[in-house]
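Note sheet for the following structure.
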Amino acid sequence: MEVIGKIKLINGTQTFGSNGFRKRELVVTTDEQYPQMILIEFIQDKCDLLDSYQIGQDVKVSINLRGREWINPQGEAKYFNSIQGWRIENLAQASSNQSIPPADNFAPAPDLSSDNEPDDLPF
């Protein structure tokens with residue numbers, strides 16, 4: 001799955017527990033009739049992916065939906081969802097890399113209309 005939008009917020013990396021679990025949050029505002037502010041978590045080594053991004057950039061974030069169950073002390077089940085990012089792309093940079101090169105960079109196609117070509121089509 002992917003989320004496309006503009007970066008609204010990039011939080012710093014948080015570290016939890018004695019084993020050093022790392023988490024970093026990103027908020028992306030979608031560009032639609034009713035814009036959504038989507039909180040996306042990057043964990044462990046994926047936290048570093050956000051270092052080269054800034055607020056206001058247009059991005060495409062590849063995500064996974066995660067869900068978990070927690071049983072409270074009263075024995076009731078509670079369910080939680082999270083959105084985890086695993087890749088982020090700068091859309092402005094991606095569009096400039098995919099521009100079409102000028103026509104003079106291509107060699108002309110050979111003339112295929114000559115009578116020297118055998119007619120090897122089966123129909």
Side-chain angles (χ1 to χ4, degrees):
M1 299 174 133
E2 296 173 340
V3 174
I4 297 174
K6 188 176 294 289
I7 296 176
K8 180 179 179 75
L9 175 73
I10 302 175
N11 284 335
T13 302
Q14 300 172 301
T15 305
F16 302 94
S18 59
N19 61 356
F21 178 81
R22 298 185 326 142
K23 178 174 98 167
R24 193 166 182 190
E25 296 175 334
L26 169 77
V27 176
V28 174
T29 303
T30 62
D31 183 24
E32 48 196 350
Q33 183 178 357
Y34 301 104
Q36 303 295 308
M37 270 124 311
I38 309 293
L39 175 71
I40 303 168
E41 299 176 339
F42 287 77
I43 60 170
Q44 298 299 72
D45 61 328
K46 301 298 183 190
C47 293
D48 300 333
L49 295 175
L50 300 178
D51 289 344
S52 60
Y53 290 89
Q54 299 173 358
I55 293 172
Q57 286 182 300
D58 290 316
V59 293
K60 176 169 67 172
V61 183
S62 298
I63 61 167
N64 290 326
L65 295 177
R66 298 284 183 223
R68 61 195 166 283
E69 178 184 67
W70 175 69
I71 307 297
N72 70 14
Q74 293 76 32
E76 300 169 332
K78 302 285 183 180
Y79 298 93
F80 298 93
N81 299 316
S82 63
I83 302 171
Q84 284 186 358
W86 54 274
R87 180 173 53 198
I88 182 169
E89 299 174 47
N90 183 346
L91 288 182
Q93 186 178 28
S95 66
S96 67
N97 289 344
Q98 295 178 358
S99 62
I100 299 172
D104 57 354
N105 286 357
F106 296 97
D111 184 14
L112 299 177
S113 64
S114 70
D115 294 329
N116 299 349
E117 292 293 320
D119 186 15
D120 58 354
L121 296 177
F123 47 87

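For reference, positions follow the sequence shown, starting with 1.
For the side-chain contact (heavy atoms from CB on, under 4.5 Å) with V28, the lone residue among I40, I63, I4, I10 that qualifies is I40.
With a 4.5 Å cut-off on side-chain heavy atoms, E25 and K23 count as touching. Residues Q44 and F21 form a side-chain contact, since some pair of their non-hydrogen atoms from C-beta on lies under 4.5 Å apart. Between I88 and L26 the shortest side-chain heavy-atom distance falls below 4.5 Å.
Between F42 and K46 the shortest heavy-atom distance is CD2-O, 3.6 Å.
Side-chain atoms of S62 do not come within 3.5 Å of backbone N or O of W86 as any donor-acceptor pair. Between the side chain of E41 and the main chain of L39, no donor-acceptor pair closer than 3.5 Å is present.
Under a hydrophobic clustering in which Ile, Leu, Val, Met, Phe, Trp and Tyr are joined whenever their side-chain heavy atoms come within less than 4.5 Å, directly or via other members, I71 and Y79 fall into different clusters. Residues L65 and F80 fall into different hydrophobic clusters, defined by Ile, Leu, Val, Met, Phe, Trp and Tyr side chains chained together at heavy-atom separations under 4.5 Å. L49 and M1 fall within a single hydrophobic cluster, where Ile, Leu, Val, Met, Phe, Trp and Tyr side chains are chained together by heavy-atom contacts under 4.5 Å. Follow the hydrophobic side-chain contacts under 4.5 Å out from I43 and you never reach I83; the two are in separate clusters. No single ILVMFWY cluster, assembled from side-chain heavy atoms under 4.5 Å apart, contains both V61 and V27.
Here the straight-line distance linking atom CD of Q14 with atom CZ of R22 works out to 12.0 Å at 0.5 Å rounding. Separation of atoms NZ (K6) and OG1 (T30) is listed at 12.0 Å; rounding is to 0.5 Å.
Under the side-chain contact (heavy atoms from CB on, under 4.5 Å) criterion, R66 pairs with N64, S82, Q84, not counting sequence neighbours. For T13, there are no side chain to side chain donor-acceptor pair (under 3.5 Å) partners at least two apart in sequence or on another chain.
At most 12 heavy atoms of other shown residues, nucleotides or ligands fall within 6.0 angstrom of atom CG in D31.
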